[in-house]
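This structure is a prediction, so every number in the text was calculated from the model and none was measured. Count residues from 1 along the sequence.
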Amino acid sequence: MSEAVETPGRDAGVSGRGAEGADLVGHYDLVIFDLDGVLYLVDQVIPGAAEACARLRERGIPSAYATNNASRLPGDVATLLTRIGIPAASREVVTSAHATALLMGERFPAGTPVFILGAPALREEIAGVGLKPVTEASEARVVVQGYWPEVTMRDLGDAAVAIRGGAAWIATNADKTLPSPLGPLPGNGSLVVALATALGRQPDTIVGKPDPSLFLEAARERGAQRALVVGDRLDTDIEGAYRAGMDSLLVLTGVSDAAELLAAPVERRPTFVAEDLGGLFEPAHAVPHQGQWEITDRDGRWELAGDGRPVDALMALCRVAWAAGEVRPIVASSEGAEAALKALKLA
């Protein structure tokens, strides 16, 4: 069973909320989940995710789902979630494709021709706000770029010509990778980088996380005052929560790992960390005292001693690294510490 550990360097997210000893999720009136790496990998449920969502429903705590993946419509996402054992409705889903279409509908007049590097879902969202998807980039006044595994080099070349010719350039998101059972795979951000390299500039607008709009929309739709964001990426989910003024829980089931967390700047430091979604239902413990894990500065290295859960060791190391403003080599001086560092892939 996971416990959520409160990270150092930020105000306690649950201070003054709820009763003493309540579990983490009991302090919030909405849980906003990222999808890939939190609830599923590609289309396979992550162990414990369906059970965690069922417990939330039993307790009457609302959930919302916010994803940077622009390859599915909200209804398609809800269908996938339901199929893997997490019943969901399309109204509970916020996607970067939908948010991008809404933004474009406000920014450009009806009938504006748009060249789309992305999935049919993105095309449908764009058409749904009165804009005109086109297949010839030379006709486009706007190029919109979203994740789609069938994007070709020719598509990228056509987009580059259109943007260089004056078309506006909007990206649904900038995630460089997508989690998968085989490890991180190239995401939309990787193709955005490829196009940016060819053009010598960045997109005019990037819509998805870490921009806070997806989280703010989800909270606004449900009238939530104390939302908790649950994600697996520091650069999108956690930074997005920081920008939205919301508390966050990082789960170690997706992209971001211990090494990245140790080096995280302030805006990418989660309020809590847990091994998995089981941490939602455990007490929100503060960082462990020196009695459990002891860290000694020895010859320019940090020496970890003690025994216990790897996630507790990680938070003890975060306290030291974030206070020092640097990450040093870490060595173990006990069997428990050696096992924790191996589990965290820090050894």
Side-chain angles (χ1 to χ4, degrees), residues 1-7 10-35 37-39 46 48-68 74 77-78 81-82 85-96 98-99 208-234 236-251 253 267 269-286:
M1 181 71 70
S2 296
E3 290 183 7
V5 181
E6 185 179 327
T7 61
R10 293 189 58 181
D11 293 337
V14 297
S15 58
R17 299 177 186 171
E20 180 73 21
D23 61 10
L24 172 59
V25 75
H27 297 282
Y28 299 95
D29 59 1
L30 175 67
V31 179
I32 306 175
F33 289 102
D34 176 52
L35 298 178
V38 175
L39 298 181
I46 290 176
E51 293 79 0
C53 291
R55 290 182 68 179
L56 291 179
R57 289 194 299 275
E58 290 171 1
R59 291 174 55 172
I61 300 174
S63 297
Y65 310 95
T67 178
N68 269 358
V77 173
L81 287 171
T82 301
I86 304 173
S90 60
R91 66 179 181 278
E92 297 174 311
V93 179
V94 182
T95 72
S96 64
H98 183 68
K209 301 173 286 184
D211 184 273
S213 57
L214 270 67
F215 296 149
L216 294 173
E217 178 183 346
R220 184 169 52 249
E221 285 290 322
R222 289 151 190 83
Q225 300 298 313
R226 302 185 311 277
L228 176 70
V229 172
V230 182
D232 71 306
R233 297 186 68 114
L234 299 180
T236 56
D237 306 317
I238 304 308
E239 184 175 342
Y242 181 90
R243 293 190 191 183
M246 297 176 180
D247 289 348
S248 61
L249 169 67
L250 175 73
V251 290
T253 51
E267 67 273 12
R269 296 175 186 174
T271 317
F272 303 99
V273 175
E275 295 173 3
D276 53 42
L277 292 178
L280 287 168
F281 307 101
E282 295 296 325
H285 289 295

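- Checked for salt-bridge contact, D237 and K209 meet the test: a charged N lies under 4.0 Å from a carboxylate O.
- When all heavy atoms of S90 and A78 are compared, the pair lying nearest together is N-CB, 3.6 Å.
- To the nearest 0.5 Å, the span separating CG on L24 from CD on E282 amounts to 10.0 Å.
- Residue L216 holds its CG atom at 12.0 Å from CD of E221, rounded to the nearest 0.5 Å.
- Within the 4.5 Å cutoff, side-chain heavy atoms of N68 are placed close to those of L214.
- Around atom CZ of R91, no more than 12 heavy atoms belonging to other residues, nucleotides or ligands sit under 6.0 Å away.
- Between G240 and P212, the shortest heavy-atom contact is O-CB, 4.0 Å.
- A 4.5 Å side-chain heavy-atom check between E267 and P210 finds every atom pair outside the cut-off.
- Looking at P270 and L234, their side chains come closer than 4.5 Å, going by heavy atoms from C-beta outward.
- The backbone N or O of V38 lies less than 3.5 Å from no partner atom in the side chain of D232, so there is not a single donor-acceptor pair.
- The minimum heavy-atom distance linking F215 with A66 is given by the pair CE2-CB, 4.0 Å.
- Within the model, atoms CZ of R220 and CG of L30 stand 12.5 Å from one another, a figure rounded to the nearest 0.5 Å.
- Under the 4.5 Å side-chain criterion, counting only non-hydrogen atoms from C-beta, T271 is not in contact with M246.
- D29 approaches Q225 most closely through the heavy-atom pair OD2-N, 2.8 Å.
- Across all their heavy atoms, R222 and V93 have their closest contact at NH2-N, 4.4 Å.
- Put simply, the side chain of D247 does not reach to within 4.5 Å of the side chain of H27, judged on heavy atoms.
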side-chain contact (heavy atoms from CB on, under 4.5 Å) between L228 and L280, worked out: CA-CA 10 Å; L228 176 70; L280 287 168; 3.8 Å; yes
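- Side chain of T82 to main chain of A88: a donor-acceptor pair is present (N/O by atom type, distance under 3.5 Å, no hydrogens or angles).
- A distance of 11.5 Å separates CG in L249 from CG in D34, rounded to the nearest 0.5 Å.
- Here the side chains of E92 and L81 are not in contact, with every heavy-atom distance at 4.5 Å or above.
- Side chains of V230 and L277 form a contact here, defined as non-hydrogen atoms less than 4.5 Å apart.
- R55 and D23 are not joined by a salt bridge, as no carboxylate oxygen comes within less than 4.0 angstrom of a charged side-chain nitrogen.
- With I46 as the partner, the side-chain contact (heavy atoms from CB on, under 4.5 Å) test is satisfied by one option alone out of T253, V251, L39: T253.
- Among all heavy-atom pairs drawn from G208 and S96, the shortest one is CA-CB, 4.3 Å.
- Side chains of L56 and F33 form a contact here, defined as non-hydrogen atoms less than 4.5 Å apart.
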